[in-house]
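Below is one structure, written out as structure tokens; comments come after it.
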Amino acid sequence: MGMGNVLQVILIALISGSLADQHLLPAPENISMVSTNLKHFLHWDPVMVAGNTTYSVQAQGEYESIYMKDHWHDPENCQEISAHQCNVTDEVSASVLYRFRVRSILDNQVSAWVELEPPFNRKTTLLIPPRVDLQVSGLNLVANIEDYGPYFQFFIFYWQKGKTDDTKCKKISSSNTSTFLEKAEEGKEYCAEVIAYASPINKNSSSSDAVCIQVKEVNKSGLFTGLLCVFGVVLAFVPMVLAIWKSTNMIRYFCFPAEDVPDVLKGPYIGERMLQNYYSSKDDSEETYKVELHEHMLSQENNSITVKMETP
């Protein structure tokens, strides 16, 4: 055997030993998928070795298998994690087969990949009916349904207790899980149950357990008492308003006493009439003055004439 062949054998042995060392770490066991209401979690048993062992997951859908030459995808939240499970819901986007595999990691050692068997299809998810709660607001019967996300619709069946033949059904979307059902009657009991429907897989859950609620009767005596209280407050408020009004009138009388207004100021166009009376009275006074003055002058002239006549 030549020197080159010897070196080749040694190199192969070293590589094989190195690979063997990498696979000395035990691989996870019991790989399983737990899928409920279109939420998918990959589970596995932990590796029992000393040290901080972590785990990584890979996924492969129909597209990666056929069109990407058997490519494996690394889910972002499932790389080198210490937990023994991983949420792979975002990796499952269609109702086809998906393959998943897991391996353990410790320092520079990695285990072999262990694959989920058989491959997973979301059609196998388990649909559990949601919780439903009935409430009465005033006399409005309202149902609150547990929200399962955007891929679900709900069918709620409700009836008045003792009248199951008159059961009603209402379809509710996931965006409106709190919904009004109908006007309730005082003193009656109402019941309801819900079925969840997953539209992506065309599958529905079983019916939930029936829940019931008793509608309370309105307390008539309490209402009457409330009305009496309101009426009493109003009666107490009226004398106060009258007293304030009377006090205001008294203050206004003392500060601005009322006086009789002359008749001439009560008619329309008061200003114009006052001006007319003023100018008319003024003209009369001037005429009178002129007449008196003229008569006085005449009397003076007569007197002077008389004097002149007596002088000679």
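Numbering starts at 1 and runs along the sequence shown.
Judged purely by atom type and a 3.5 angstrom limit, Gln60 uses its side chain to pair as donor or acceptor with the backbone of Asp70. Between the side chain of Ser199 and the main chain of Tyr151, a donor-acceptor pair closer than 3.5 Å is present. No side-chain donor-acceptor contact under 3.5 Å links Lys168 to the backbone of Leu181. Checked by atom type and distance alone, the side chain of Asn77 never pairs as donor or acceptor with a backbone atom of Cys86 at under 3.5 Å. Distance alone, capped at 3.5 Å, is enough to place a donor-acceptor pair between the Thr167 side chain and the Thr164 backbone. With hydrogens and angles disregarded, no donor-acceptor distance shorter than 3.5 Å links the side chain of Thr125 to the backbone of Arg122. Judged by distance alone, the side chain of Thr53 and the main-chain N or O of Leu106 form no donor-acceptor pair under 3.5 Å. In this structure, Lys123 contributes its side chain and Asn202 its backbone to no donor-acceptor pair below 3.5 Å. The main-chain N or O of Glu76 is never found under 3.5 Å from a side-chain atom of Gln79 such that the two would form a donor-acceptor pair.
Counting heavy atoms from C-beta on, the side chains of Trp159 and Glu193 come closer than 4.5 Å. Under the 4.5 Å side-chain criterion, counting only non-hydrogen atoms from C-beta, Lys216 is not in contact with Gln214. Two residues are said to be in side-chain contact when any heavy atoms from C-beta on lie closer than 4.5 Å; Ile195 and Pro129 fail this criterion. Residues Ser205 and Ile128 are not in side-chain contact: their nearest non-hydrogen atoms beyond the backbone lie 4.5 Å or more apart. Proximity of Val88 to Met33: side-chain heavy atoms (C-beta onward) are separated by under 4.5 Å at one or more points. Using a 4.5 Å heavy-atom threshold, the side chains of Val211 and Asp133 count as separate. Side-chain atoms of Val136 and Leu141, non-hydrogen and from C-beta on, do get closer than 4.5 Å to each other. With contacts defined as side-chain heavy-atom distances shorter than 4.5 Å, the pair Val114/Val102 does not qualify.
Here the closest heavy-atom approach between residue Val92 and residue His40 is recorded as CB-CD2, 3.7 Å. Residues Tyr98 and Val96 share a closest heavy-atom pair of CD1-O, 3.2 Å. The shortest non-hydrogen separation linking Gln109 to Leu25 is O-CD2, 3.8 Å. In plain terms, the two heavy atoms of Ala143 and Leu134 that are nearest each other are CB-CD2, 4.0 Å. The minimum heavy-atom distance between Ile145 and Pro130, with the atom names listed, is CG2-CG, 3.9 Å. For the pair Ser104 and Pro26, the tightest heavy-atom approach, listed with the atom from each and the gap, is OG-O, 2.5 Å.
Around NZ of Lys170, the count of heavy atoms belonging to other residues, nucleotides or ligands within 6.0 Å exceeds 12. The number of heavy-atom neighbours closer than 6.0 Å to CG of Asp90, taken from other residues, nucleotides and ligands shown, is 12 or below. For CG of Asp209, the number of neighbouring non-hydrogen atoms (other residues, nucleotides, ligands) closer than 6.0 Å is 12 at most. No more than 12 heavy atoms of other residues, nucleotides or ligands shown are found within 6.0 angstrom of OH on Tyr63. Within 6.0 Å of atom CD in Glu62, 12 or fewer heavy atoms from other residues, nucleotides or ligands are found, so the atom counts as exposed in its surroundings.
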Requested in this report: Carefully, step by step, assess Tyr197 and Phe155 under the rule side chain to side chain contact (heavy atoms under 4.5 Å, CB included).
Outcome: CA-CA 8 Å; Tyr197 172 72; Phe155 293 88; 4.0 Å; yes

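Here the CD atom belonging to Gln160 is positioned 9.5 Å from the CD atom belonging to Glu189, to the nearest 0.5 angstrom. Note: Ser32 OG to Leu116 CG = 7.5 Å, rounded to the nearest 0.5 Å. Note: His73 NE2 to Phe100 CZ = 9.5 Å, rounded to the nearest 0.5 Å. To the nearest 0.5 Å, the span separating CD1 on Ile31 from CH2 on Trp113 amounts to 10.5 Å.
Looking only at atom types and distance, the side chain of Arg103 has no donor-acceptor partner in the side chain of Ser56 under 3.5 Å away.
Relative orientation of the Tyr148 and Phe152 rings is perpendicular, given thresholds of 30° and 60° on the angle between their planes. Relative orientation of the Trp44 and Tyr55 rings is tilted, given thresholds of 30° and 60° on the angle between their planes.
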